[in-house]
Amino acid sequence: MIEPVVLSGTPLLVAALLIGILIGMTLVKAGLASRRAILGALQLKNGNAITTMLAALLIGIVLFFAARNSGAVEVHTHTGYFWASILGGALCGVGLLFAGMTPLTAIAALGSGKLQSLLVLAGMALALPVVGSVSDALSKTLYRWDMALNDPPEPELFFAVDNPALYLAGVLIVLIVLVHFTIGDKPQEEK
Amino acid sequence: MNWNFLNAKWPFFLTGPLLALLIVLSLALFNDNIGLSESLTAVSEYCDDAVANRELPDAPEMDWRNLLLLGILIGAVIAAAAGKTFHLEFGDDDGSAVGKMLKPILRGIGGGFLVMLGIQLAGDSVWGATAAAVQLAPGGWIFLIAMALAGGVPAILISQRGAGKQPTAGTRESTQKNKNKNTGKKK
C-alpha cells in the first residue's frame with residue numbers, strides 16, 4: 001500500500017499552480033475554452049469536446065479506482081442531495097446554452113483572449129449574493145425535503161458485479177465509440 | 001504524420017486522459033474536495049468588498065484553490081500563445097453594431113448568472129462534479145446528466161429549427177434570396 005502524499009505550505013501552493021497551468025493548457029488545447037466549442041458539444045456537432053469529457057470520466061474512474069485501492073488517494077466529495085443536484089444541473093445546463101462557458105472554461109477562455117468571458121464571470125459573480133440572500137428560504141424548503149444521496153461506494157475489485165464503475169466504464173466506452181462513428185471527433189481548429 | 005504538438009489542437013485520447021490524470025492528481029495532492037465554487041465565492045466577496053468600500057481590501061488569503069485558478073489562467077495564456085491562437089476578441093455575432101454589443105452582454109451575464117446559480121444550488125462546480133463523478137458519487141453524475149440534458153436538448157432543437165428555416169435550393173424562396181444578393185452588381 002502506498003502512503004498518501006500530504007503536502008502543506010509552499011509545496012502545496014507550487015503544486016496547485018503547476019496543476020492549474022496544466023489544466024489551463026489542456027482546456028485550450030482540447031478546444032474547450034471557447035463558447036463555440038461548448039455550444040457545438042451541446043448541439044452534438046463538436047465530437048471532440050464530447051469525447052474529451054467522456055474519456056476524462058472513463059480514464060478518471062479507472063485511475064481513481066487504482067489510486068484509491070493502492071492507498072494513494074481517499075474519497076473527497078460533498079454530501080449530495082437529489083433534487084438540488086437535478087435542479088442545479090438543469091440551471092447550469094440552461095446557463096451553458098447562453099454563456100457557453102463553465103467557471104473553469106471561462107477562466108481558460110479569458111487566458112486565450114476571449115474577452116466575452118469577462119461578461120460570463122461577471123454574471124457568475126452577480127449570482128453569488130442572490131444565492132446568499134435566498135439561502136434561508138432554500139434551507140426551509142429545498143434542502144429540508146430533499147433526500148441526501150448515499151456516499152460513493154468503495155468497491156475492492158473493479159471487475160465485480162456490485163461495482164458501479166464497471167458499468168459506467170462500459171457505457172462511457174460505448175458512447176465514445178458512438179460519437180466517433182457518428183459525429184466524428186477530429187479536433188476543430190479555431191478560425 | 002506531420003503534427004505540430006504546440007500549434008495543433010490535441011485529440012481527445014490525449015486531452016481526456018490528461019484531464020483525468022489531473023483530477024486524480026489533485027485529489028491525491030490536495031487531499032480535499034477540488035471543486036472551485038469556494039474560491040470563486042472568495043473572489044466574488046473580495047470584489048463586493050472593493051465595490052462597497054470603494055477601495056481595494058487586503059488580498060484574500062492565497063490558498064491552493066486561488067493558486068489553482070491563477071494557474072489555469074496562466075496555462076491558458078501559454079497554450080494560446082504557443083498555438084498562435086491568442087487574439088483579443090469580443091463576441092462572435094454577425095449583424096448590426098448594436099446587436100454585436102448587446103447580444104454578448106445579455107448572453108454572457110445572463111448565462112453566467114444561471115450557471116453559477118445552478119452550481120451554488122447543487123453545491124459544487126462542474127469541475128467539482130466531474131471529480132465527484134470520477135469518485136462514483138451519485139450527486140456528481142446526477143448533476144452532469146441533468147446539465148447535459150437541460151443544455152443539450154434545447155440546443156439541438158434550436159439548431160434544427162435554425163436549419164429548417166434555411167430555404168431549400170431551387171425553391172422560390174432561395175431564388176428570391178439569390179436575386180436580392182445579386183442586386184446592385186454592375187453588369
Side-chain angles (χ1 to χ4, degrees), chain A residues 7 12-13 15-17 20-21 23-26 28-31 42-43 48 51-52 55-56 59-60 63-64 72-73 75-78 80 85-86 88-99 102 104 107-108 111-113 115-116 119-120 123-125 127-128 131 149 152 185 187 190, chain B residues 9-10 12 15-20 22-24 27-29 33 44 64 67-68 71-77 79-80 85-88 90-91 104 107-118 120-123 126-127 132 134-139 142-143 146-147 150-152 155 159:
Chain A
L7 290 181
L12 178 65
L13 299 179
L17 189 66
I21 288 172
I23 291 173
M25 287 181 70
T26 308
V28 171
K29 284 303 179 186
L42 290 175
Q43 292 167 351
N48 190 57
T51 47
T52 296
I59 303 299
L63 269 180
F64 182 79
V73 68
V75 173
H76 293 290
T77 56
H78 290 310
S85 296
I86 286 186
L91 273 174
C92 197
V94 172
L96 266 186
L97 196 56
F98 293 101
T102 66
L104 207 73
I107 293 169
S112 57
L115 297 178
Q116 66 263 37
L119 299 170
V120 176
M124 290 177 182
L128 290 167
V131 174
L149 295 166
D185 46 33
E190 285 183 46
Chain B
K9 287 278 189 281
W10 295 347
F12 81 93
T15 52
L18 253 177
L19 287 173
L22 290 168
I23 287 173
V24 177
L27 288 167
L29 291 179
N33 183 297
S44 171
W64 65 265
L67 274 176
L68 190 75
I72 291 167
L73 187 65
I74 294 171
V77 172
T85 56
F86 183 93
H87 48 267
L88 294 177
F90 183 86
R107 226 172 34 200
I109 293 180
F113 185 91
L114 286 173
V115 167
M116 186 52 79
L117 197 62
Q120 292 296 310
L121 271 175
V126 177
W127 179 252
V134 154
Q135 298 172 81
L136 306 180
I142 292 171
F143 178 90
M147 183 182 72
S159 162

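What you see is a predicted model; the values in this text were computed from it and never measured.
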Open item on the list: Is B:Leu68 in contact with chain A via its backbone, its side chain, both, or neither, using a 4.5 Å heavy-atom distance?
Closed with: both
- [ ] Pick whichever of B:Ile23, B:Leu18, B:Leu29 has the most heavy-atom pairs under 4.5 Å with chain A.
- [x] B:Leu29
- [ ] Would you mind reporting whether A:Cys92 and B:Leu114 have side-chain heavy atoms less than 4.5 Å apart?
- [x] no
Task: Side chains of A:Leu104 and A:Ile23 in contact at under 4.5 Å (non-hydrogen atoms) - done: yes
Task: Interatomic spacing from CD in B:Gln135 to CZ in A:Phe64 - rounded to 0.5 Å - done: 4.0 Å
Open item on the list: I'd like to know which of A:Ala16, A:Ala15, A:Ala72, A:Ala30 tops the heavy-atom pair count under 4.5 Å against chain B.
Closed with: A:Ala16
- [ ] Under 4.5 Å, counting heavy-atom pairs only, tell me which of A:Val94, A:Thr51, A:Val73 racks up the most with chain B.
- [x] A:Thr51
TODO: Heavy atoms only, distances under 4.5 angstrom: which of B:Val24, B:Leu117, B:Leu136 has the most pairs with chain A? Name it, please.
DONE: B:Leu136
Open item on the list: Among A:Thr102, A:Leu96, A:Val120, which residue has the highest count of heavy-atom pairs closer than 4.5 Å to chain B?
Closed with: A:Val120
Task: Contacting moiety of A:Ala90, where chain B heavy atoms sit under 4.5 Å - done: both
Open item on the list: With heavy-atom distances below 4.5 Å as the criterion, would you say the side chains of B:Phe143 and A:Ile86 are in contact?
Closed with: no
Open item on the list: I'd like to verify something: which residue of B:Gly151, B:Gly152, B:Gly139, B:Ala132 has the highest number of heavy-atom pairs under 4.5 Å with chain A?
Closed with: B:Gly151
- [ ] Could you list the residues that satisfy side-chain contact (heavy atoms from CB on, under 4.5 Å) with A:Leu12, not counting sequence neighbours?
- [x] A:Leu7, B:Phe30, B:Trp64
Open item on the list: A side-chain contact here means heavy atoms from C-beta on lying under 4.5 Å apart; do B:Trp127 and B:Leu19 qualify?
Closed with: yes
Task: Heavy-atom contact with chain B under 4.5 Å, split by part of A:Leu97 - done: side chain
Task: Leading residue by heavy atom contact count with chain B [cutoff under 4.5 Å; candidates A:Gly111, A:Ala108, A:Ala125] - done: A:Gly111
- [ ] Start with the C-alpha gap between B:Lys9 and A:Asn48, add the side-chain angles, then the distance that decides, and say whether side-chain contact (heavy atoms from CB on, under 4.5 Å) holds.
- [x] CA-CA 10 Å; B:Lys9 287 278 189 281; A:Asn48 190 57; 5.8 Å; no
TODO: Mind ranking A:Leu42, A:Ile107, A:Leu17 by heavy-atom pairs under 4.5 Å with chain B and telling me who comes out on top?
DONE: A:Leu42
Task: Option in A:Gly80, A:Ala99, A:Gly93, A:Ala55 with maximal non-hydrogen atom pairs under 4.5 Å from chain B - done: A:Gly93
Open item on the list: Do A:Thr52 and B:Thr15 pair up side chain to side chain, a donor and an acceptor below 3.5 Å, judged on atom types alone?
Closed with: yes
Task: Options B:Ala28, B:Gly108, B:Ala80, ranked by heavy-atom pairs under 4.5 Å with chain A, top entry - done: B:Gly108
Task: Partners meeting side-chain contact (heavy atoms from CB on, under 4.5 Å) with B:Ile109 (sequence neighbours left out) - done: A:Leu119, A:Leu126, B:Ile105
Task: Portion of A:Leu149 that has a non-hydrogen atom of chain B nearer than 4.5 angstrom - done: side chain
